[in-house]
Amino acid sequence: MDTSGPHTERRTATATERQFWFAERIAPGSPAWRVLSTVRIDGAPDRRTLAAAAARVVARHPVLRSVFAPEEGELRCTTVEPVDPPLLELPPGTGFDAAARELARTALLDPGTGRHVVLALSEDPGDAPGATLYVLTHHLVYDGLSHEVFTADLARAHARVLAGEPEPAPLAHPVPPLPDAARRAELTAHWRSALDGMPDLPGDSDGPTQRDLARTEPHGHIVRFPGEAGATVREAARRLACPPFAVLLTAYAQGLYDLCGAEDFCVGTPVSTRTPDLEDAIGCLLTTLPVRIRRPAEAGACERTWTTFTDGLFHMDLPQDDLVRAVRTRPGRRMPLYQALFAYESWPRPVHDAGTVRMRTAPVTPLGTQAEVLFQLNELPGHRLEGMLQAPAGGLWAGRLAALSDAVRHRLALLTTTTEEIAR
């Protein structure tokens with residue numbers, strides 16, 4: 001593809017972009033690197049207007065019209081002319097799993113040529129007007145918050161297309177600067193100290209590798225918490241002087257401990273790297289922070305988890321690949337630093353006016369296996385908590401997800417129960 005032209009922009013890829021670019025090469029086409037997200041549409045959608053609006057969103061965001069290619073030992077990102085995303089048609093009432101089977105391995109998605117978005121529309125069955133729009137992207141250019149940005153921009157563009165109004169100028173895509181040599185040395189020293197001697201989560205020392213995980217079908221288990229569990233967690237978090245995230249991560253770590261007995265291990269958790277000037281940008285603007293869990297079943301576990309996490313936040317600007325190189329001191333085929341992941345989505349999901357219809361997002365469900373065990377948890381309207389535990393089919397954790405779910409729910413109940421309630 002010719003990437004020269006008057007509007008061409010070139011930059012060095014970020015550490016997270018490098019991570020997913022290399023991941024695509026070790027397991028090409030794996031669902032683990034794909035993101036399938038949904039937009040609920042209230043009202044009768046017009047396909048032509050929807051397609052035109054989606055094309056405007058792609059043109060507005062540089063990363064959605066970029067090509068990634070190695071050059072002189074570095075991965076470079078070059079913007080190209082936008083390609084209108086295809087809008088496929090699915091049978092009425094197509095659910096997420098069926099849409100995933102239809103779209104996850106489509107050849108229409110090709111990050112190597114700047115084709116980063118594929119859309120598929122499924123209208124609701126029956127007489128009530130409505131539809132679900134499935135948005136397939138690559139993790140190289142998209143994260144959970146990107147979907148909120150995409151949906152808000154799609155709604156605005158939809159309204160402008162209907163009104164015959166032009167789209168604002170494309171966004172710039174500023175990239176946070178890398179740490180200088182002195183800061184890099186400070187960060188490297190911190191992480192070597194913080195993770196010194198940390199063992200892997202108990203499991204098979206010979207694997208699985210990242211490639212093995214990406215090529216394995218995932219096994220999932222839905223986890224639902226009773227009542228308004230989100231509100232209960234927030235009350236407990238106030239008592240413990242930490243955010244709900246720390247309470248929920250601690251419950252997950254304690255559940256892992258209950259099943260495998262690990263007293264010292266790491267849980268990776270995605271953390272946004274968005275700065276104020278990137279609030280409205282689309283991209284994979286995150287890093288995975290290793291959170292060391294020690295003595296998870298002892299008193300003060302939430303406070304220790306939160307202290308460790310915040311300490312990591314102050315040192316999160318070391319690129320992920322540099323962190324792995326600095327800290328991984330023993331050979332092994334398993335994922336380095338952490339084999340368990342915890343992802344928590346708690347942001348608001350507003351309804352967007354799009355002219356003749358309204359749009360809103362739904363939580364993103366992981367398509368493929370990204371860790372030996374993963375817990376994705378969402379806070380939904382009404383303070384409901386619902387999530388999914390996932391592990392590679394046939395692996396150590398696949399047959400233990402139901403037990404892990406029970407353990408996490410039991411541990412969360414204990415963490416959110418006051419001393420007075422226990423006494424009664």
Side-chain angles (χ1 to χ4, degrees), residues 1 24 28-61 63-67 80-126 128-144 146-159 161-162 167 217 282 352 354-368:
M1 173 179 289
E24 179 66 28
S30 170
W33 324 134
R34 306 290 190 259
V35 182
L36 182 60
S37 44
T38 56
V39 180
R40 277 296 305 160
I41 300 176
D42 297 326
D46 176 76
R47 291 179 56 85
R48 182 173 298 180
T49 303
L50 192 60
R56 288 188 176 199
V57 176
V58 169
R60 186 165 190 257
H61 291 274
V63 76
L64 296 183
R65 49 185 175 85
S66 294
V67 171
V80 297
E81 288 299 313
V83 177
D84 292 352
L87 178 57
L88 309 179
E89 185 173 352
L90 296 175
T94 300
F96 181 89
D97 291 342
R101 288 192 296 271
E102 181 71 22
L103 294 174
R105 297 184 183 274
T106 176
L108 294 172
L109 192 70
D110 184 9
T113 59
R115 299 175 183 270
H116 296 289
V117 180
V118 176
L119 307 173
L121 185 68
S122 172
E123 297 192 23
D124 292 348
T132 298
L133 179 69
Y134 294 100
V135 183
L136 179 68
T137 53
H138 197 286
H139 230 324
L140 176 69
V141 299
Y142 214 77
D143 58 16
S146 290
H147 189 49
E148 295 297 324
V149 176
F150 182 94
T151 303
D153 279 5
L154 182 67
R156 284 190 288 265
H158 191 276
V161 170
L162 290 172
E167 195 67 18
E217 289 294 322
I282 287 176
H352 303 282
T356 55
V357 299
R358 297 191 303 169
M359 301 179 181
R360 67 184 187 277
T361 68
V364 177
T365 300
L367 282 181

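Positions are given from 1 along the sequence.
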Rounded distance [0.5 Å steps], CD in E102 versus CG in D97: 13.5 Å
Evaluate the criterion side-chain contact (heavy atoms from CB on, under 4.5 Å) for residue pair L87 and L133; output intermediate values, then yes/no. CA-CA 9 Å; L87 178 57; L133 179 69; 3.9 Å; yes
Minimum heavy-atom distance between R60 and D153, given as atom pair plus value: NH1-OD2, 2.8 Å
Side chains of L140 and E24, heavy atoms from C-beta outward: is any pair under 4.5 Å? no
Is there a side-chain contact (heavy atoms from CB on, under 4.5 Å) between H158 and V357 once you walk through the steps? CA-CA 9 Å; H158 191 276; V357 299; 3.9 Å; yes
Carefully, step by step, assess I41 and L50 under the rule side-chain contact (heavy atoms from CB on, under 4.5 Å). CA-CA 11 Å; I41 300 176; L50 192 60; 4.3 Å; yes
Given 3.5 Å as the limit, does a donor-acceptor pair link the side chain of T94 with the main chain of P91, or not? yes
Quick check: closest heavy atoms across G112 and V67, and the distance to 0.1 Å? O-CG1, 3.4 Å
Below 4.5 Å, heavy atoms only, C-beta onward: do V83 and T113 meet side chain to side chain? no
R34 and H138 side chains, donor-acceptor separation under 3.5 Å: yes
Should the pair H147 and Y142 be assigned to parallel (<30°), tilted (30 to 60°) or perpendicular (>60°) ring geometry? tilted
Does any donor atom in the side chain of R40 or T132 lie under 3.5 Å from an acceptor atom in the other side chain? yes
Among residues at least two apart in sequence or on other chains, which ones pass side-chain contact (heavy atoms from CB on, under 4.5 Å) with A59? P82
What one should report as the nearest heavy-atom pair of P85 and A55 is CD-CA, 3.8 Å
Can you tell me how far CD1 of I282 sits from OG1 of T137, rounded to the nearest 0.5 angstrom? 9.0 Å
Look only at the side chain of H352 and the backbone of T151, and say whether a donor-acceptor pair between them is shorter than 3.5 Å. no
Any side-chain heavy-atom pair from D46 and T356 closer than 4.5 angstrom? no
With side chains defined as the heavy atoms from C-beta onward, is the minimum distance between S66 and V141 less than 4.5 Å? no
Quick one: do L154 and V135 satisfy side-chain contact (heavy atoms from CB on, under 4.5 Å)? Show the steps, please. CA-CA 11 Å; L154 182 67; V135 183; over 6 Å; no
What are the two closest non-hydrogen atoms of L36 and A99, and how far apart are they? CD2-C, 4.1 Å
E123 (side chain) donor-acceptor with G130 (main chain) under 3.5 angstrom: no
Which heavy atom of P31 sits nearest to which heavy atom of L367, and what is that distance? O-CB, 3.5 Å
Interatomic distance, L121 atom CG to L90 atom CG [nearest 0.5 angstrom]: 8.0 Å
Whether the side chain of R360 engages the backbone of D42 through a donor-acceptor N/O pair (distance < 3.5 Å, no angle test) should be reported. no
For V118 versus L103, what's the shortest heavy-atom pair and its separation? CG1-CD2, 4.5 Å
Side chains of H139 and V35: closer than 4.5 Å at any heavy-atom pair? yes
